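Notes to accompany the following structure.
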Amino acid sequence: MTAAPKSMDAIMALCKRRGFVFQASDIYGGINGFWDYGPLGAQLKKNLREAWWQDMIMNPCWGRKGPNGQRVQCVPLETCIIQHPKVWEASGHVGGFNDPMVDCKETKGRYRYDHVMVYVPAGGAAAAGDKPIFAYVGDQPSETKQKKKAEKTFGEVASVALSTIPQPWTRVIGPDAEKPGTLTEPRMFNLMFDTIPGAIRDEANKAYLRPETAQGVFLHFKNVVDSSRVRIPFGIGNTGRSFRNEVTPRNFTFRSREFEQAELEFFCHPDESKAWYEFWRDFRMDWWKSIGLAGENLILREHDKDELSHYSVGTSDVEYRFPFTAPGFGELEGIAHRGNYDLTQHQTHSKVKLEYYDTTRGELLPNGGRKGERYIPHCIEPAAGLDRGALALICEAYTRDDTRPSPEFLKLHPRVAPIKAAIFALMDKDGMPEVADKLADEVFAKFGRYGFIENDAKQSIGKRYARMDEAGCPFCFTIDSDTLKDQTVTVRDRDTGQQQRIGIDKVCGFLTEKLGL
RNA sequence: GCGGGCGUAGCUCAGUGGUAGAGCGUCAGCCUUCCAAGCUGAACGUCGAGGGUUCGAAUCCCUUCGCCCGCUCCA
């Protein structure tokens with residue numbers, strides 16, 4: 001095996017060539033930050049979404065028992081992209097994460113407006129007269145450097161926020177700049193897309209495209225509890241498109257402005273939340289491994305204390321080493337312990353009680369029941385990016401081996417591979433195509449719903465195998481002259497190129513076993 | 001947003017002022033009893049887009065869009 005380092009350019013070329021990923025609005029020159037999926041990509045992503053749905057909602061964690069010793073219980077939900085604008089105020093997406101930035105024209109540095117401070121004379125900024133005043137960012141090298149300069153200029157200095165200095169800042173020297181007047185006015189970065197529902201365009205009706213699917217779940221926590229007999233602990237899963245107006249869309253589909261999430265909000269009693277957090281963190285890692293990301297390119301990274309959101313007890317990221325992040329890693333999924341932050345926020349903002357009445361807790365009553373306990377559940381949130389997942393699967397699968405007749409191929413796990421199997425007549429004559437057609441009908445009937453089944457008798461067999469390798473089809477079944485005599489076919493394994501003979505009536509059984517369906 | 005690179009056939013790229021090219025892929029035919037991705041032939045181009053200079057622009061100039069890399073950002 002002569003494995004060459006993986007080139008992102010080569011992977012992107014293959015994605016286009018074989019119809020995995022196209023640039024959105026390609027024929028109009030594309031649109032920054034948006035990508036579409038071609039036939040194979042659409043099916044690959046659907047397989048990934050389907051695997052998530054199966055393993056998270058329908059048969060959660062493959063039947064693995066939770067920390068409470070019980071089967072894990074989850075239900076699905078499907079919520080709208082557009083919700084009431086107040087949802088995003090409650091969640092903190094409006095206001096909190098919408099930070100104005102200032103740029104420095106000299107150094108090309110970019111700073112959060114609210115982080116920039118200025119050293120002025122002890123008597124206040126006005127006392128500086130025509131002299132420059134010195135901006136800095138706390139805990140950065142600029143802090144001591146600028147302080148020294150300021151003290152040299154003014155003697156005793158005071159520190160004030162940049163926002164207190166009237167614009168334009170012609171006398172302000174940027175934190176890392178030499179000359180004054182290089183800072184731009186603060187600019188807002190619009191991180192949420194907005195839109196205006198209703199026939200009449202009125203800013204007062206502004207609504208947002210959701211930046212995450214999670215909030216839809218919190219909004220319906222009570223509805224789900226009241227309508228579906230779920231009891232704590234349980235999870236609610238929600239998949240769908242989300243939108244973030246990324247400052248810099250980059251790295252192929254990795255940071256897109258429109259993307260798809262698969263999020264689970266798992267609600268539990270505060271006392272059990274740590275155990276559930278660890279449970280989900282470990283399962284999610286195992287899950288990604290199970291669909292083909294096993295190996296050193298996948299890591300679980302526990303966030304440091306100072307990285308955590310103020311409400312979070314713990315957060316881990318499942319990270320994959322993409323060719324464009326190597327030797328670093330890029331986030332595939334975040335597993336966050338969110339405490340009761342979200343439900344509390346929505347309870348406050350909506351003024352609707354989102355407490356849960358837990359009849360399994362509280363003191364024992366004489367009649368053998370429990371008194372019950374009211375609380376706002378804690379939430380564990382495994383939030384996966386499906387587009388990032390699909391990209392990681394492709395990157396991991398992409399293999400180059402120049403010793404093979406098909407040097408480029410995709411070692412996709414059979415469960416996610418968009419083409420599940422190919423049926424080939426070795427030659428387009430002697431009755432072989434007819435046998436192949438019959439077998440293909442049978443395989444279609446049984447597996448066609450899970451992915452594409454190819455049936456092709458044209459061109460040389462090597463060419464057809466190579467084509468399947470490049471598309472990541474795991475198995476090719478070939479009908480030859482022996483098939484006509486003894487009812488056997490060859491099965492070719494994509495990764496090894498090796499063949500074995502099995503009975504033609506064993507093909508479906510073989511696929512059932514290998515595809516993990 | 002800034003800086004750098006790039007944009008020509010489905011893909012990879014050559015073409016620096018004078019008739020738009022190659023390899024691969026695709027399709028057809030041939031051949032072929034398992035890697036033959038072989039042989040022959042065919043189809044396929046707003047040279048990213050718009051404007052300008054010029055007798056003449058893929059090529060020079062301006063504007064713009066997109067991709068990649070670095071910085072920055074990333075709920």
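Computed from a predicted structure; not experimentally measured. Lettering follows sequence order; numbering is per chain, from 1.
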| Main-chain N/O of E319(A) paired to D317(A) side chain as donor or acceptor, under 3.5 Å | no
| task | Answer yes or no for R210(A) and Y208(A): cation-pi contact, defined as NZ/CZ to six-membered ring centre under 6.0 Å and angle to ring axis within 45°. | result | no
| Rounded distance (Å) that lies between atom P of A36(B) and atom CG of L426(A) | 13 Å
| task | Report yes if at least one side-chain N or O of N251(A) is closer than 4.0 Å to OP1 or OP2 of C69(B); otherwise report no. | result | yes
| Just how far, in rounded Å, is P of A49(B) from CG of D26(A)? | 13 Å
| request: Please say whether the positively charged group of R388(A), taken as NZ for Lys or CZ for Arg, lies over the ring of Y320(A), i.e. under 6.0 angstrom from the six-membered ring centre and within 45 degrees of the axis. | output: no
| message | Can you tell me the base-pairing partner of U16(B)? Count Watson-Crick or G-U wobble geometry only, both distances below 3.5 Å, and say none if there is no partner. | response | none
| said: Using a 4.0 Å heavy-atom cut-off, does Q23(A) contact any base of the nucleic acid, only the sugar-phosphate backbone, or nothing at all? | reply: sugar-phosphate
| Integer-rounded Å distance: C31(B) C1' and M432(A) CE | 14 Å
| said: Angle between ring planes, F477(A) versus F475(A), binned at 30° and 60°: parallel, tilted or perpendicular? | reply: tilted
| query | Contact class for D480(A) vs. all strands (heavy atom < 4.0 Å): base, sugar-phosphate, or nothing? | reply | base
| note | What one should report as the nearest heavy-atom pair of T213(A) and T239(A) is CG2-C, 4.3 Å
| What's the closest nucleotide to the S481(A) side chain, out of C35(B), C67(B), U33(B)? | U33(B)
| Distance in angstrom units between D493(A) CG and C35(B) P, rounded | 16 Å
| message | Taking any heavy-atom pair under 4.0 Å as a contact, classify F324(A): base, sugar-phosphate, or nothing. | response | sugar-phosphate
| field | Nucleotide opposite A9(B) in a Watson-Crick or G-U pair, distances under 3.5 Å | value | none
| Any idea which heavy atoms bring D36(A) and S25(A) closest together, and the distance? | OD2-N, 4.2 Å
| query | Where the side chain of T248(A) is concerned, which of C71(B), C68(B), C69(B) is the nearest nucleotide? | reply | C71(B)
| U16(B) to C47(B) separation - C1' atoms, rounded to the nearest Å | 14 Å
| 5′-ward residue of the pair I461(A)/R464(A) relative to RNA chain B | I461(A)
| Between C1' of C11(B) and CZ of F22(A), the distance in whole Å | 12 Å
| message | Counting distance alone, no hydrogens or angles: does the base of C35(B) have a donor or acceptor under 3.5 Å from a partner atom on the side chain of R404(A)? | response | no
| said: Base, sugar-phosphate or nothing for G33(A)? Non-hydrogen atoms, less than 4.0 Å. | reply: sugar-phosphate
| field | Position toward the 5' end of RNA chain B (nearest nucleotide), K429(A) or I27(A) | value | K429(A)
| said: Any base atoms under 4.0 Å from Y28(A), or only sugar-phosphate, or nothing? Heavy atoms, all strands. | reply: nothing
| remark: Heavy-atom nearest pair, I82(A) first then A207(A), reads CG2-CB, 3.9 Å
| Whole angstrom value for the distance that separates P of G1(B) from CG of L191(A) | 14 Å
Nucleotides 22-25 of chain B: which of its N/O atoms have a protein N/O under 3.5 Å away?
none

| said: Under 4.0 Å, counting only non-hydrogen atoms across every strand here, what does A466(A) touch: a base, just sugar-phosphate, or nothing? | reply: base
| task | State the pairing partner of A42(B); accept Watson-Crick or G-U wobble contacts with both distances under 3.5 Å, and report none otherwise. | result | U26(B)
| So, is the end of the R284(A) side chain (NZ or CZ) under 6.0 Å from the ring centre of W280(A) and within 45° of the ring's axis? | no
| task | Once you apply the 3.5 Å cut-off to both distances, tell me the Watson-Crick or G-U wobble partner of C2(B), or none. | result | G70(B)
| request: Write down the atom of S242(A), the atom of Q261(A), and the distance for their closest heavy-atom approach. | output: OG-OE1, 2.8 Å
| query | Whole Å only: how far is the CG atom of D317(A) from the P atom of A75(B)? | reply | 10 Å
| Looking for any heavy atom pair under 4.0 Å, which part of the strands does D482(A) touch: base, sugar-phosphate only, or nothing? | nothing
| said: Using the P atom as the point on both nucleotides, what is the distance between A36(B) and A42(B), in whole Å? | reply: 26 Å
